[in-house]
K.L.:
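Okay, handing you the structure first.
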Amino acid sequence: KATTLSILRIGFPAGLQMAVTSFSNVFVQSYINHFGSSCMAGWTTYGKLDKFCLLPIQSVGLSVTTFVGQNLGAGNMNRAKKGTTTALIIAIGTAVILMFPVLLFAPTLTSLFTQDEDVLAFGVRFIRLMMPFYIAICFNQIYANALRGAGNSTAPMVIMMGSFIVFRQIYLYTVTQFTDSVIAVALGYPLGWVLCSILLFTYYRHTKLETYLR
């Protein structure tokens with residue numbers, strides 16, 4: 001029973017956060033749809049290449065959960081913190097290595113999915129706008145998973161939902177009242193990433209990981 005409760009305490013907030021965030025993306029998509037079928041198709045094309053760069057970063061982040069949990073369980077706080085920093089460096093390095101060729105060859109890669117010139121233009125625009133901000137994703141993935149590894153899933157859930165859902169929806173509603181620019185709408189994603197990274201980094205630096213161990 002105690003083991004089951006511990007698993008739920010750590011896993012449920014993370015699962016809830018990912019489920020609600022994914023659902024909220026439907027509303028974000030509605031803003032993109034406003035700009036027509038070519039824009040929608042370009043966004044979808046960007047999404048296919050997005051997974052290529054994003055999944056390795058998320059995988060490094062997931063490894064931090066286990067690493068931090070094992071080392072805190074062994075009473076090795078310094079190694080847990082050092083591992084978190086090392087994982088951040090690895091994640092950033094991975095992001096740069098993967099992003100560089102995608103950004104450089106964006107037109108060629110986009111043409112693998114479509115030959116429509118308007119769709120290609122939107123796809124390339126989204127790739128070059130969004131992907132440089134993947135550096136921010138490295139920070140929020142590493143620090144969120146380090147906190148989860150320490151047994152604290154609630155803070156990452158609140159911060160991520162606040163950044164990816166509440167902030168993003170407020171931003172999109174506000175910006176669409178003043179401009180009809182697809183760039184301004186698309187920026188709702190990276191601005192949420194940046195805000196989340198700043199909040200998680202600040203929280204991580206001002207909390208003691210061992211506090212949440214049971």
K.L.:
Are F178 and F35 linked, directly or through other ILVMFWY residues, by side chains that come within less than 4.5 angstrom of each other?
P.N.:
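Different hydrophobic clusters.
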K.L.:
Aromatic ring centroids of W193 and F139 under 6.0 Å?
P.N.:
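No, the ring centres sit 6.0 Å or more apart.
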K.L.:
Mind checking whether V158 and T154 have side chains closer than 4.5 Å, heavy atoms only?
P.N.:
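Yes; the side chains approach each other to less than 4.5 Å.
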K.L.:
Whether the side chain of D50 engages the backbone of Y46 through a donor-acceptor N/O pair (distance < 3.5 Å, no angle test) should be reported.
P.N.:
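Checked: no pair found.
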K.L.:
For the side chain to side chain contact (heavy atoms under 4.5 Å, CB included) test, which of T114, T44, V124, T110 pairs with V119?
P.N.:
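Answer to the side chain to side chain contact (heavy atoms under 4.5 Å, CB included) test with V119 among T114, T44, V124, T110: T114.
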K.L.:
Y171 vs F167 aromatic rings, parallel, tilted or perpendicular, using cut-offs 30° and 60°?
P.N.:
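The rings of Y171 and F167 lie parallel, inter-plane angle below 30°.
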K.L.:
Decide whether L55 and M131 are clustered together by the hydrophobic rule: side chain heavy atoms of Ile, Leu, Val, Met, Phe, Trp, Tyr closer than 4.5 Å, transitively.
P.N.:
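No, no single cluster joins them.
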K.L.:
Going through the checks in order, is the side-chain contact (heavy atoms from CB on, under 4.5 Å) test met by K82 and N78?
P.N.:
CA-CA 6 Å; K82 185 177 180 180; N78 289 335; over 6 Å; no
K.L.:
Do L191 and F133 come within less than 4.5 Å of each other through their side chains, counting heavy atoms only?
P.N.:
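A side-chain contact under 4.5 Å is absent here.
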K.L.:
Are V60 and F100 connected into the same hydrophobic cluster when the rule is that any two of I, L, V, M, F, W, Y join if their side-chain heavy atoms are below 4.5 Å apart?
P.N.:
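In one cluster with F100: V60, yes.
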K.L.:
From the options F126, Y31, F164, W43, select the one residue that forms a ring pair (Phe, Tyr, Trp, His ring centres under 6.0 Å) with Y189.
P.N.:
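That would be W43; it is the only one of F126, Y31, F164, W43 passing the ring pair (Phe, Tyr, Trp, His ring centres under 6.0 Å) with Y189.
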K.L.:
Count the heavy atoms belonging to other residues, nucleotides or ligands that lie under 6.0 Å from CD of Q177, then report whether that count exceeds 12.
P.N.:
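Buried by this count: over 12 neighbours within 6.0 Å.
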K.L.:
If I take atom CZ from residue F201 and atom CG from residue L88, how far apart are they, to the nearest 0.5 angstrom?
P.N.:
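One finds 9.0 Å between CZ of F201 and CG of L88.
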K.L.:
Would you say the side-chain atoms of T179 pair up with the backbone N or O of V175, donor to acceptor, closer than 3.5 Å?
P.N.:
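The answer is no, because no donor-acceptor pair under 3.5 Å joins these two groups.
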K.L.:
With no hydrogens and no angle check, is any side-chain donor or acceptor of T207 less than 3.5 Å from a backbone partner on Y203?
P.N.:
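Here the side-chain-to-backbone pair does not exist.
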K.L.:
Restricting to non-hydrogen atoms, name the atom on G149 and the atom on V68 that form the minimum distance, rounded to 0.1 Å.
P.N.:
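Shortest heavy-atom contact: C-CG1, 4.0 Å.
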